[in-house]
Number of protein chains: 2
Amino acid sequence: MPAGARSKAGARPRFAARWDVPDDAPEPLPEPGRAALRLEVVMGALSDPLRMRIVRTLLLESEAFDHTCGWFGFDRPKSSLTHHFRTLREAGLIRQRQYGLERRSHVRVDDLEARFPGLLALVADWEG
Amino acid sequence: MPAGARSKAGARPRFAARWDVPDDAPEPLPEPGRAALRLEVVMGALSDPLRMRIVRTLLLESEAFDHTCGWFGFDRPKSSLTHHFRTLREAGLIRQRQYGLERRSHVRVDDLEARFPGLLALVADWEG
DNA sequence: CTGCTTGTACGAAGTAACTCGTACAAGCCG
DNA sequence: CGGCTTGTACGAGTTACTTCGTACAAGCAG
């Protein structure tokens, strides 16, 4: 099945499909595998408004590549953002890669749709 | 619209539809209205495995009426169960009514499907 | 090398959540 | 009435989470 082939009529998600990761991209940081994703952990990660906003923003406004912490423009100390991005990664919501001195994130759309179909649509519809 | 008339082809939820509440039923305990439901609060309530199990059990195994705390058979002190059921009610997941000396609960299927379509299907599919 | 940038690690302080024991209220039944 | 049941209220102990300052590491530009 080709990557991004998500064309079931009438069920196309409103959030952007993910792109093809280039072969020379760095390895992802440690994260739970698809089978290890737990719904209650994912929901716990999304119970924080800032983290919900991070995922939603990545889902709706991200271009065809990963984004750094600073791209979001949050007015919070760096150590706080580190905490929230790590929480999202350890819950399995985002994948992070280290590009030089930047750490870029994107939503694990495929894994989340496979394990929890419809969950990302709820996040996309969230009114912050 | 008859109760349980949820027959969009291929999208029928696997959990039991709710029943008609009799006219002489007690008033529900204080709860947030449909418009006041917040996705991050609902997810926070579901981030506890015991509470996830309560909602899932109500969804899949409940008969055509409300159920008491004791019906679940949890091996926890009563004061702990009070805490979790109240958390679920205040988050808007369940509705509670006082019948004599029992307090019975059911999932707010209509409100939750209207505000967060697909969320209850995720709960029903949860592997505890 | 010197600075600048991105982000981590660590720790501390404050807050919130969970668990549970005890005491109490309210309804039902003998 | 007295006892039984269902569940609450309150409080304490513990744990977990959040927030953030500071110090540090690593990459890049000059």
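Hydrogens, waters and symmetry mates play no part in the numbers below; they use all other heavy atoms, side chains included. Reminder, nothing fancy here: chain letters follow the sequence lines and each chain counts from 1. Worth saying up front: this structure is predicted, and the values here are computed from it rather than measured.
Trp71(B) has its side chain out of reach of Arg104(B): every pair of non-hydrogen atoms, C-beta onward, lies at least 4.5 Å apart. Arg34(A) places a side-chain heavy atom less than 4.5 Å from the side chain of Asp110(A). A 4.5 Å side-chain heavy-atom check between Arg38(B) and Phe116(B) finds every atom pair outside the cut-off.
Put simply, Arg51(A) has a side-chain N or O that comes within less than 4.0 Å of OP1 or OP2 on dT18(D). For Arg86(A), no side-chain nitrogen or oxygen approaches OP1 or OP2 of dG7(C) to under 4.0 Å.
The 5' end of DNA chain D is approached more closely, in terms of each residue's nearest nucleotide, by Leu29(B) than by the other of Leu29(B) and Leu50(A).
Checked against Val107(A) for a side-chain contact (heavy atoms from CB on, under 4.5 Å), the options Val123(A), Leu112(A), Leu93(A) give a single hit: Leu112(A).
The distance between atom CD of Gln98(B) and atom P of dG27(C), rounded to the nearest whole Å, is 8 Å. Distance Arg103(B) CZ to dT5(D) C1': 15 Å, rounded to the nearest Å. The CZ atom of Phe72(B) sits 14 Å away from the C1' atom of dT6(D) (whole-angstrom rounding). At whole-Å resolution of the value, CG in Leu88(A) and C1' in dC17(D) are 14 Å apart. dT5(C) atom P lies 13 Å from atom CD of Glu102(A), rounded to whole Å. The nearest whole Å value for the distance from the CG atom in Asp48(A) to the P atom in dA17(C) is 12 Å. Atom P of nucleotide dC18(C) and atom CZ of Phe74(B) are separated by 15 Å, given to the nearest angstrom. Atom NE2 in His84(A) sits about 7 Å away from atom C1' in dT18(D), given to the nearest Å.
No contact: Thr87(A) has no heavy atom under 4.0 Å from any strand.
In the hydrophobic cluster analysis, where Ile, Leu, Val, Met, Phe, Trp and Tyr join through side-chain heavy atoms closer than 4.5 angstrom, Leu120(B) is grouped together with Phe72(B).
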Expected rows: protein N/O vs nucleotides 20-27 of chain D N/O, under 3.5 Å:
residue	atom	partner	partner atom	Å
dG21(D)	N7	Ser79(A)	OG	3.2
dG21(D)	O6	Ser79(A)	OG	3.1

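Atom CZ of Arg53(A) sits in a sparse spot, with 12 or fewer heavy atoms from other residues, nucleotides or ligands closer than 6.0 Å.
Side chain to side chain, Arg89(B) and Gln96(B) meet the donor-acceptor criterion of an N or O pair below 3.5 Å.
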